[in-house]
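Structure first, then comments.
In this text, all values refer to a predicted model and were calculated from it rather than measured experimentally. In the text below, chain A, chain B and the rest are named by the order of the sequence lines, each starting its count at 1.
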2 protein chains.
Amino acid sequence: MPDLGLLLYLPHRELENRVFAALAEAGFDDVTPAQARVFHRIDPDGSRLTELAEAARITKQTAGFLVDQLERAGYVERGPDPTDARARLIRVAERGRAAVPVCLAAIAEVQREWTAHLGRPRMAALLDALTRLREITDPGR
Amino acid sequence: MPDLGLLLYLPHRELENRVFAALAEAGFDDVTPAQARVFHRIDPDGSRLTELAEAARITKQTAGFLVDQLERAGYVERGPDPTDARARLIRVAERGRAAVPVCLAAIAEVQREWTAHLGRPRMAALLDALTRLREITDPGR
DNA sequence: ATAGGGTGATCAACTTCTCTGACCGCTGTC
DNA sequence: GACAGCGGTCAGAGAAGTTGATCACCCTAT
């Protein structure tokens, strides 16, 4: 039995651990996976809380809780939404922008290792399959 | 940027949701993802708590907590380990055995859908790549 | 122009999962 | 047999998520 669930879970956990280890080493030691999943979905032009919650598939309350923490740590900032006084726009702040290259480097490093293990064609096939799978597993994008 | 982390996360979450929806519908509505991850690693001949904790990469305490819940709900049972009086063997119990086919059916159904979307060769390539990746992301197996 | 339903966000209380640290009993070696 | 070490549990805490209620603001249909 191929055990699809575990097969997807293991590499995801590995990658996540590696990225957070890299972040911690670079001094971004106060960010958690849950915060990162929200942070990750922030649009360059700013996002509303409800948008983030929907994209990350969590409740607005949880999203608000995580954005609070990110804001307190200086990774994001909240401002008013000029088009709707009820809403507030969440934007990536200075410290958040500084953390992004660290993540990207860690991901690239893991991808290099995996490519070395699998060989270039199999790695390409993996990325291709996962990308196409996103079409039916990421509702709304 | 392909965003490897999200690509692995999305299908895993989708599969997990589907399996737990199927379990709930079949009357196994008191089992949680964390419990399932431990349950899943139980050897047919029984496993020790410490083994399960290592395999699932959680602390002994967390494993104990989850096994407590699984035991109370009738999915597993604890017995003595004849070879070591300190240890206790955790085995799958009646209700646990009954839940397994429900999970397998749900996984098979998702796999069918994904195969239909990707095409047979791409799905095979995905499983192949993930299986090989396990060699370097599942330490100890 | 305004009354009322829908949307964006927050507050409060709770559950689940995970951790660290301390501890106890059994094993096996020297 | 003494004792270092392993298997497991107890206690306490924090992180991440939930539901339910509430409030302010928006927009459309009378």
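Of the residues near DNA chain D, A:A85 and A:R37, the one whose nearest nucleotide (by heavy atom distance) lies more toward the 5' end is A:R37.
Across D:dT9, C:dT20, D:dC25, the shortest atom-to-atom separation from the side chain of A:D84 is found for D:dC25. The side chain of B:K60 has D:dG8 as its nearest neighbour among D:dG8, D:dT18, D:dC6. Taking only side-chain atoms of A:T59, from C-beta outward, the nucleotide of C:dT18, D:dT19, D:dG8 with the closest atom is D:dT19. Taking only side-chain atoms of B:Q69, from C-beta outward, the nucleotide of C:dC17, D:dT9, D:dA16 with the closest atom is C:dC17. Of the candidates C:dT18, C:dA9, D:dG17, the closest approach to any side-chain atom of A:A34 belongs to D:dG17.
Separating the CG atom of A:L66 from the P atom of C:dT10 is a distance of 13 Å, rounded to the nearest angstrom. Atom CZ in A:R48 sits about 16 Å away from atom C1' in C:dT10, given to the nearest Å. What separates CD of A:Q61 from P of C:dT15 is a distance of 17 Å, to the nearest Å. Look at CG on B:D29: it is 16 Å from C1' on C:dT15, rounded to the nearest Å. The nearest whole Å value for the distance from the CD1 atom in B:I58 to the P atom in D:dG14 is 21 Å. Atom-to-atom, CZ of B:F65 to P of D:dG14 comes out at 17 Å; the value is rounded to the nearest Å. The interatomic distance linking A:E71 (CD) with C:dA9 (P) rounds to 13 Å, in whole Å. As rounded to whole Å, 11 Å separates atom P of D:dA16 from atom CD of A:E16.
With hydrogens and angles left out, the side chain of B:R86 and the base of D:dC6 share a donor-acceptor pair within 3.5 Å.
Cation-pi check for B:R95 over B:F28 is not met; the charged atom does not lie both under 6.0 angstrom from the ring centroid and within 45 degrees of its normal.
Note that the CG atom of A:D30 and the CD atom of A:Q69 stand 10.0 Å from one another [nearest 0.5 Å]. Rounding to the nearest 0.5 angstrom, the gap separating the CZ atom in B:R18 from the CG atom in B:L23 is 13.0 Å.
With respect to the salt-bridge test (charged N to carboxylate O, under 4.0 angstrom), the residues B:R112 and B:E109 qualify. A salt bridge does not link A:R57 with A:E54: every distance from a Lys NZ or Arg NE/NH1/NH2 to an Asp or Glu carboxylate oxygen is 4.0 Å or more.
Across all strands shown, A:T50 has heavy atoms under 4.0 Å from sugar-phosphate atoms exclusively, and none from any base.
Listed pair B:T62 / C:dC19 meets the phosphate criterion, a side-chain N or O lying under 4.0 Å from OP1 or OP2. Between C:dT10 and A:R78, a contact under 4.0 Å exists linking OP1 or OP2 to a side-chain N or O.
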